[in-house]
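Structure first, commentary second.
The figures that follow rest on heavy atoms only: side chains count, while hydrogens, waters and symmetry mates do not.
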Amino acid sequence: MLRAFTTATLLALALGGTARAATCGGEPPADAAEFRGPVLEVLDGESLCVALGADPSSWVPVRLADAPMKVSTAPASRGALMAASFGQDVTCRVTGRDQAGLVAQCVGDRGSVGRLSQAADVVKAGLAWR
C-alpha cells in the first residue's frame with residue numbers, strides 16, 4: 001500500500017505538482033519515537049520532508065541528526081541529499097528538537113540517508129540533481 005502511495009505521489013509531482021518546502025508543515029504522530037514514509041522534498045543539504053499522507057501539509061520536515069552541521073545550501077549538498085533519499089521510504093527515529101524543528105535519524109534500504117549523502121559516489125551523483 002505504501003509503495004502504491006509513493007508511486008502515485010511521485011507521479012503526481014512529476015506531472016505538474018507544485019509542492020514546495022513551504023508546504024512541508026506536518027507534524028509526526030503525537031508522542032512518536034519514530035515514523036515512516038517516503039521522502040518527497042529535500043529542503044537543503046541537511047533537511048528533508050517525509051510524507052505521512054498525500055497532502056503536502058502532512059509532510060513532516062526533518063533535520064537529519066547525522067548530516068554534517070551547517071552544510072552549504074549550495075545545490076551540490078542539496079543534490080547529494082536528493083541522490084541519497086528522494087523517493088525512498090525511510091524510517092525516522094526522533095532524537096530531539098532544535099530552533100528549526102524536529103531532529104531525527106532517517107534510515108532507508110541503503111542505510112542512514114545523512115551518512116549516505118556524504119559518500120563520494122552519492123555526492124558525485126548529486127551533481128546531476130537540480
Side chain to side chain donor-acceptor pair (under 3.5 Å) involving [X] - partner list, sequence neighbours excluded:
{"X": "T95", "value": "none"}
{"X": "S58", "value": "none"}
{"X": "R110", "value": "none"}

Checking [X] now: which residues fulfil side-chain contact (heavy atoms from CB on, under 4.5 Å) with it, not counting sequence neighbours?
{"X": "S47", "answer": "L43, D44, R63"}
{"X": "Q118", "answer": "P68"}
{"X": "A119", "answer": "D121, V122"}
{"X": "S57", "answer": "D55"}

task: List the atom of P29, the atom of L52, and the distance in Å for their closest heavy-atom pair.
output: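 That would be CD-CD1, 3.8 Å.
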
- prompt: Any idea which heavy atoms bring A67 and G45 closest together, and the distance?
  reply: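 Distance-wise, the nearest heavy atoms are CB-O, 4.4 Å.
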
When rounded to the nearest 0.5 angstrom, what distance separates [atom1] in [X] from [atom2] in [Y]?
{"X": "R115", "Y": "Q105", "atom1": "CZ", "atom2": "CD", "value": "5.0 Å"}
{"X": "M82", "Y": "S117", "atom1": "CE", "atom2": "OG", "value": "12.5 Å"}
{"X": "S85", "Y": "L116", "atom1": "OG", "atom2": "CG", "value": "8.5 Å"}

Can you find a heavy atom in the side chain of [X] that is under 4.5 Å from one in the side chain of [Y]?
{"X": "L48", "Y": "L81", "result": "yes"}
{"X": "L40", "Y": "C24", "result": "no"}
{"X": "C106", "Y": "V62", "result": "yes"}
{"X": "V113", "Y": "V39", "result": "no"}
{"X": "L102", "Y": "V60", "result": "yes"}

- prompt: Any chain of hydrophobic side-chain contacts (each under 4.5 Å) joining V103 to W59?
  reply: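 No; W59 is not reachable from V103 via cluster members.
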
Under 3.5 Å donor-acceptor, R36 side chain and C92 backbone: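 Between the backbone of C92 and the side chain of R36 there is no qualifying donor-acceptor contact (under 3.5 Å).
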
Salt bridge (Lys or Arg N to Asp or Glu O under 4.0 Å) partners for D31, two or more places apart: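 None.
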
- request: Please name all residues satisfying salt bridge (Lys or Arg N to Asp or Glu O under 4.0 Å) with R97, sequence neighbours left out, ordered by chain then number.
  value: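 R97 satisfies salt bridge (Lys or Arg N to Asp or Glu O under 4.0 Å) with E27 only.
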
field: Candidate pair V50 and F35, rule side chain to side chain contact (heavy atoms under 4.5 Å, CB included), full reasoning
entry: CA-CA 9 Å; V50 177; F35 56 96; 3.9 Å; yes

